[in-house]
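The structure displayed is predicted, hence computed values, not measured ones. Index from 1, following the sequence.
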Amino acid sequence: MTEHEIQEGARAIGIALDAQQAGALLRFRDLLVEANRRFNLTALTDDASILALHFLDSLTALPVIRDLQADAGAALELIDVGTGGGFPGIPLKIAMPELRVTLMDSTAKKVQFCSEVIRALGLQDIRAIQDRAEEAGHRPEHRERYDVVIARAVAPMPTLAEYLLPLARVGGTCIAMKGSDAQAEAARAAGAIAKLGGAVAVVKPVSLPGRDDQRALIVINKLRPTPQPYPRRGGAPRKSPLQ
Ligand code: SAM
């Protein structure tokens with residue numbers, strides 16, 4: 001992978017990256033591949049997959065976030081729930097440096113890796129924290145504090161809604177990065193989303209260069225405060241998802 005290939009790939013999905021941003025992603029690739037030898041961070045280790053399925057896929061959410069930023073007129077606070085190796089949060093931060101980013105994961109090793117990447121790339125206004133979404137959703141420093149709450153590949157939509165919506169401020173936005181079944185997933189989760197104070201604004205199809213599989217962003221508006229019992233603790237969002 002070269003800086004030029006990263007820039008070309010991003011251009012194919014309508015995103016302009018300068019040489020420094022492409023260089024940061026390249027360094028991130030090196031750190032990811034190196035750390036993956038020590039512990040399992042990602043099943044994708046070849047350059048083409050990392051570029052398309054990690055970097056570009058993460059960046060498909062950028063236009064939605066840029067529109068939200070234009071409406072807000074101020075730097076947005078974004079939290080990436082279940083960030084794993086830093087997806088989508090780190091590529092989004094590299095492409096949009098003014099974002100204020102929190103990367104959250106329940107696994108210590110993954111959070112440690114994200115902190116290493118932040119340090120190695122010299123990124124500012126970004127932190128990695130170890131927490132569970134169900135717990136963070138009740139902590140005053142996280143509950144209803146974020147303008148944008150995003151997640152990729154963390155849980156089915158009704159469970160994910162209970163992880164994400166409590167963290168969004170009223171007037172904020174949740175973005176679930178999903179596959180081809182997104183429209184049906186959003187419909188199945190409509191009741192859960194309403195109980196948590198939100199409503200689906202749009203299911204936005206996105207595609208990656210050279211790949212046929214359809215992807216989509218489920219964009220949810222947070223309309224009202226989330227009722228206090230949510231998120232339920234002790235694994236309930238996963239074991240008995242809201243209807
Ligand atoms: N978002 C990354 C990506 O797209 O590559 C990682 C996806 S990985 C399949 C799911 C991640 O979510 C894991 O790193 C896991 O530790 C984290 N996770 C699962 N449930 C969580 C929860 N309730 N709170 C915080 N993190 C969670």
Side-chain angles (χ1 to χ4, degrees), residues 1-3 5-6 9-10 15 17 20-62 65 76-137 139 141-142 145-146 148-155 159-160 163-164 167 175-178 208 215 238:
M1 195 187 312
T2 63
E3 285 179 13
E5 282 164 359
I6 295 173
I15 291 166
L17 296 179
Q20 199 190 346
Q21 289 167 318
L25 286 170
L26 211 48
R27 177 91 180 97
F28 181 22
R29 186 273 318 258
D30 292 342
L31 295 168
L32 193 64
V33 169
E34 199 273 321
N36 218 38
R37 291 195 195 107
R38 288 180 275 131
F39 68 103
N40 185 23
L41 256 183
T42 172
L44 309 174
T45 50
D46 64 290
D47 272 0
S49 302
I50 292 175
L51 176 59
L53 300 179
H54 279 328
F55 294 169
L56 300 182
D57 190 46
S58 293
L59 293 177
T60 57
L62 194 67
I65 297 168
L76 297 175
E77 284 284 348
L78 175 146
I79 183 164
D80 176 9
V81 175
T83 190
F87 302 106
I90 293 176
L92 289 172
K93 174 67 189 176
I94 289 171
M96 194 173 166
E98 65 271 37
L99 271 184
R100 305 171 64 84
V101 174
T102 299
L103 307 170
M104 187 178 78
D105 204 280
S106 52
T107 306
K109 274 185 175 177
K110 295 183 179 179
V111 174
Q112 207 180 330
F113 169 73
C114 289
S115 298
E116 280 168 28
V117 175
I118 291 168
R119 239 189 336 270
L121 300 186
L123 299 174
Q124 304 293 317
D125 294 324
I126 177 168
R127 61 181 174 166
I129 59 170
Q130 184 186 2
D131 210 339
R132 295 199 68 81
E134 312 87 299
E135 302 296 330
R139 297 188 213 286
E141 67 268 36
H142 296 300
R145 293 283 175 194
Y146 295 92
V148 183
V149 185
I150 194 164
R152 186 184 82 152
V154 173
T159 302
L160 191 62
Y163 290 166
L164 303 189
L167 298 167
I175 304 173
M177 307 185 72
K178 291 288 186 179
L208 295 176
R215 286 145 201 278
R238 192 170 40 80

Enquirer: Any pair with a residue in residues 80-91 that passes salt bridge (Lys or Arg N to Asp or Glu O under 4.0 Å), sequence neighbours left out, goes on the list, sorted by first then second residue, please.
Expert: none
Enquirer: Using a 6.0 Å cut-off, check whether atom CD of Gln20 has over 12 heavy atoms from anything other than its own residue.
Expert: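 Incorrect, the count does not exceed 12.
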Enquirer: Which residue pairs pass the salt bridge (Lys or Arg N to Asp or Glu O under 4.0 Å) test when at least one of the two sits in residues 48-59, sequence neighbours left out?
Expert: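 The answer is Asp57-Arg152, Asp57-Arg215.
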Enquirer: For Ala120, check side-chain contact (heavy atoms from CB on, under 4.5 Å) against everything at least two apart and list the hits.
Expert: Arg27, Leu31
Enquirer: Under the side-chain hydrogen bond (donor to acceptor under 3.5 Å, both in side chains) rule, collect the residues that match up with Glu135, sequence neighbours excluded.
Expert: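 Glu135 satisfies side-chain hydrogen bond (donor to acceptor under 3.5 Å, both in side chains) with Arg233 only.
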Enquirer: List the residues meeting side-chain hydrogen bond (donor to acceptor under 3.5 Å, both in side chains) with Asp131, not counting sequence neighbours, and say none if there are none.
Expert: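 For Asp131 the side-chain hydrogen bond (donor to acceptor under 3.5 Å, both in side chains) partners, ignoring immediate neighbours, are Arg139.
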Enquirer: Looking at residues at least two apart in the chain, or sitting in another chain, which of them share a side-chain contact (heavy atoms from CB on, under 4.5 Å) with Gln21?
Expert: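 So Gln21 forms a side-chain contact (heavy atoms from CB on, under 4.5 Å) with Leu17, Asp18, Ile94, Pro97.
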Enquirer: What residues, two or more places apart in sequence or in another chain, satisfy side-chain hydrogen bond (donor to acceptor under 3.5 Å, both in side chains) together with Arg38?
Expert: Glu34
Enquirer: With a 3.5 Å distance limit and no angle check, can you tell me whether Asn36 reaches the backbone of Leu41 through a side-chain donor-acceptor pair?
Expert: yes
Enquirer: Go through the structure and list residues passing salt bridge (charged side-chain N to carboxylate O under 4.0 Å, His left out) with Lys93, not counting sequence neighbours.
Expert: none
Enquirer: For Asp47, enumerate each residue passing the salt bridge (charged side-chain N to carboxylate O under 4.0 Å, His left out) test, keeping only those at least two apart in sequence or located in another chain.
Expert: Arg29
Enquirer: Who are the side-chain hydrogen bond (donor to acceptor under 3.5 Å, both in side chains) partners of Thr102, not counting sequence neighbours?
Expert: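 In terms of side-chain hydrogen bond (donor to acceptor under 3.5 Å, both in side chains), with neighbours along the sequence ignored, Thr102 is linked to Arg127.
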Enquirer: Holding to salt bridge (charged side-chain N to carboxylate O under 4.0 Å, His left out), I want the full list of residues that pass it with Glu3, two or more places apart in sequence or in another chain.
Expert: none
Enquirer: Going by ring-ring contact (aromatic ring centres under 6.0 Å, His included), name the pairs with one or both residues in residues 84-106, residues two or more places apart or in two chains.
Expert: Phe28-Phe87, His54-Phe87
